[in-house]
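Here is the structure we will look at, set down as structure tokens.
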Number of protein chains: 2
Amino acid sequence: MTQQPTCFSAGCPNRALFSEIADKWSMMILHVLDEGPQRFNYIKRQLEGISQKSLTQTLRKLERNGLVHREVIASSPVAVRYEITPLGRSLQSPFRALYRWTYENLGAVETARQAYDQRL
Amino acid sequence: MTQQPTCFSAGCPNRALFSEIADKWSMMILHVLDEGPQRFNYIKRQLEGISQKSLTQTLRKLERNGLVHREVIASSPVAVRYEITPLGRSLQSPFRALYRWTYENLGAVETARQAYDQRL
DNA sequence: CCGTATCCTATAGGATACTG
DNA sequence: CAGTATCCTATAGGATACGG
């Protein structure tokens, strides 16, 4: 254990939380909601390739973890607003740092892949 | 598309790279290798709960993406050294930022979960 | 010691159909 | 519109056995 607290044990709640949080859809949804509150189908249209089921599941997970607020507006037909919470907002900068890394280093990674694949 | 480049299309290589990179085991392996080059079974002992198969797969993926260097030392029995590359090192700070977030906000997340679960 | 090969199971997640 | 319910498949990943 170093002074920077890290945790490798199987039952570690941080490890579990990391697994829940660091997935593609969560990151993309929070990014969409960063612009402002949005409705279910608007989010769905932004995320090419997501199924309705996956979107619902991911939104529920985000809501349960306190990263997104869900508000039902009683109209006909019903409308639902999803809004990022302050806690969710605080997760943006780590996410952006990771995204920026992929953006800046994609070329290096692809070069490495070609080198690896040609050594076969 | 905002000025901060992000990409939501299904075929986006950044999106794929993010999915490959942002997993629990990759993050933990890079952290272990941050101390210095290590051997297969040492890494395995650090990561409670990982199977040999998963460790091999993840190490290969890291190697292919240029984040880890694998060196076979011809002895008997054979030894293998895994070493983090400069590219791998550059990924550490985004990872640490994400880990730090889980560490600092675990309490808030757990509170949110209790509130959510009691509204049923 | 460091794997590969095989089998097996659990889970994620797409497609589709239906509802308040 | 915003889901829920069901089915179905693909993939991840553990357990085990064996090999260089």
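Because only heavy atoms are used, hydrogens play no part in the values below, and waters and symmetry mates are left out as well, while side chains stay in. Below, read A as the first sequence line, B as the second, and so on, with proteins coming before strands; counting in each chain starts at 1.
- Interface limits on DNA chain D: the 5'-most and 3'-most nucleotides within less than 4.0 Å of chain A heavy atoms are D/dC1 to D/dC7.
- Toward the 5' end of DNA chain C, the nearer of the two residues A/I50 and A/P77, judged by each one's closest nucleotide, is A/I50.
- Each end of the helix from C/dC1-D/dG20 to C/dG20-D/dC1 yields a helix axis from five base pairs, and these two axes differ in direction by 50° (to the nearest 10 degrees).
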Can you give me every donor-acceptor pair (side chain of residues 74-86 of chain A, partner residue at least two apart or in another chain, under 3.5 Å) with its distance?
unit_1: A/S75; atom_1: OG; unit_2: A/P77; atom_2: O; d: 3.0
unit_1: A/R81; atom_1: NH2; unit_2: A/E83; atom_2: OE1; d: 3.2
unit_1: A/Y82; atom_1: OH; unit_2: A/R70; atom_2: NE; d: 3.3
unit_1: A/T85; atom_1: OG1; unit_2: A/G66; atom_2: O; d: 2.7
unit_1: A/T85; atom_1: OG1; unit_2: A/L67; atom_2: O; d: 3.1
unit_1: A/T85; atom_1: OG1; unit_2: A/L87; atom_2: N; d: 3.4
unit_1: A/T85; atom_1: OG1; unit_2: A/G88; atom_2: N; d: 3.0

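- At least one side-chain nitrogen or oxygen of B/Y82 sits closer than 4.0 Å to the OP1 or OP2 atom of C/dG3.
- Residues from residues 53-73 of chain A that place a heavy atom under 4.0 Å from any atom of DNA chain C, listed by number: A/K53, A/S54.
- When heavy atoms are screened at a 4.0 angstrom cut-off, A/V80 is found touching the sugar-phosphate backbone but no base atom.
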Check the pair B/E20 / A/R113 against salt bridge (charged side-chain N to carboxylate O under 4.0 Å, His left out), numbers first and verdict last.
CA-CA 13 Å; B/E20 275 215 16; A/R113 284 175 182 170; 3.7 Å; yes
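- Atom pair B/F40:CZ and C/dT4:P shows a separation of 8 Å (rounding to whole Å applied).
- By the criterion of side-chain heavy atoms lying less than 4.5 angstrom apart, applied directly or through intervening Ile, Leu, Val, Met, Phe, Trp or Tyr residues, A/Y116 is not grouped with B/L33; the two fall into different hydrophobic clusters.
- Residues A/Q52 and B/V78 each lie close to DNA chain C; by heavy-atom proximity, the contact nearer the 5' end of the strand is made by B/V78.
- Looking at residues two or more places apart in sequence or on another chain, you find no side chain to side chain donor-acceptor pair (under 3.5 Å) involving A/R39.
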Show the atom names and distances, to 0.1 Å, of all donor-acceptor pairs under 3.5 Å that link a side chain in residues 40-53 of chain B to residues at least two apart or in another chain.
unit_1: B/S51; atom_1: OG; unit_2: B/S54; atom_2: N; d: 3.2
unit_1: B/S51; atom_1: OG; unit_2: B/S54; atom_2: OG; d: 3.2

